[in-house]
Amino acid sequence: MTPTPCHFETAFAGDDQRTIAAARRWTREVLTEAGLPEGLVDDALTCVSELATNAARHTASGHLGGKYRVVLEVTGRRRAHVEVVDQGSEHAPDVQLGDAESGRGLWICATLGALQHAPAPSGGRRVWVDLPHPVPATCPVDQPHACDGGER
């Protein structure tokens with residue numbers, strides 16, 4: 001039987017670059033409380049930083065009043081899922097190497113795990129990385145928001 005994923009989700013103002021640091025702090029707090037190993041937390045922080053920065057700089061989430069959501073999921077020992085949902089743009093995310101002006105952050109994320117993107121049901125775009133590190137088999141029971149899918 002596959003363990004139920006622990007789901008964590010919250011929104012940040014995309015028109016304020018300071019929220020990228022807030023997204024990293026929230027991610028560190030959530031994943032540390034979930035008992036993930038330090039290396040996995042560090043990889044997740046790198047991904048959240050890159051994906052949130054892209055949402056704020058390259059999508060409608062960065063416009064006045066825009067928002068982006070950070071979604072974290074921890075499933076048994078199978079994976080940690082790090083996702084940012086933005087409010088959309090004309091261009092799909094593009095992984096670049098070398099001297100490209102942008103896209104290197106996505107390449108970094110792709111080296112850490114399986115990077116993917118798809119349209120979001122809300123009309124924006126979901127960009128996520130499934131990190132392949134081992135994670136705890138259970139969700140912390142003293143965190144009522146952790147496993148019920150509720151917002152923090």
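Each residue takes its place number in the sequence, starting with 1.
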[X] side-chain N/O to [Y] backbone N/O, donor-acceptor pair under 3.5 Å:
| X | Y | answer |
| --- | --- | --- |
| Ser61 | Gln87 | yes |
| Asp15 | Gly65 | yes |
| Ser49 | Thr46 | no |

What's the spacing between [X] [atom1] and [Y] [atom2] if we round to 0.5 Å?
| X | Y | atom1 | atom2 | value |
| --- | --- | --- | --- | --- |
| Asn54 | Asp86 | CG | CG | 9.0 Å |
| His63 | Ser89 | NE2 | OG | 9.0 Å |
| Thr53 | Leu106 | OG1 | CG | 10.5 Å |

Does any part of the side chain of His58, heavy atoms only, come nearer than 4.5 Å to the side chain of His91, both counted from C-beta?
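No, every pair of side-chain atoms sits at 4.5 Å or beyond.
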Do Leu31 and Val74 have side chains that approach each other closer than 4.5 Å (heavy atoms only, starting at C-beta)?
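Yes - at least one pair of side-chain heavy atoms lies under 4.5 Å apart.
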Pairs involving residues 118-127, ordered by first then second residue, that meet side-chain hydrogen bond (donor to acceptor under 3.5 Å, both in side chains) (sequence neighbours left out):
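Applying side-chain hydrogen bond (donor to acceptor under 3.5 Å, both in side chains) to every pair that reaches into residues 118-127, excluding sequence neighbours, yields Glu83-Arg126, His117-Arg125.
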Any idea which heavy atoms bring [X] and [Y] closest together, and the distance?
| X | Y | answer |
| --- | --- | --- |
| Leu131 | Cys47 | CD2-SG, 4.3 Å |
| Tyr68 | Ala23 | OH-CB, 3.9 Å |
| Leu45 | Arg24 | CD2-O, 3.1 Å |
| Phe12 | Trp26 | CZ-CB, 3.9 Å |
| Ala56 | Gly14 | CB-O, 3.4 Å |
| Val82 | Leu51 | O-CD1, 4.2 Å |

Could you label the plane-to-plane angle of the His81 and Trp128 rings as parallel, tilted or perpendicular, counting under 30° as parallel and over 60° as perpendicular?
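Tilted.
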Partner set under salt bridge (Lys or Arg N to Asp or Glu O under 4.0 Å) for Asp16, not counting sequence neighbours:
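With neighbours one apart ignored, the set is Arg18.
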When clusters are formed by joining ILVMFWY residues with side-chain heavy atoms under 4.5 Å apart, either directly or through shared neighbours, do Val70 and Leu36 land in the same one?
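Looking at the clustering, Leu36 is in the same group as Val70.
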Following the transitive rule for hydrophobic clusters with a side-chain heavy-atom cut-off under 4.5 Å over Ile, Leu, Val, Met, Phe, Trp and Tyr, establish whether Val71 and Ile20 coincide in one cluster.
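Cluster IDs for Val71 and Ile20 differ.
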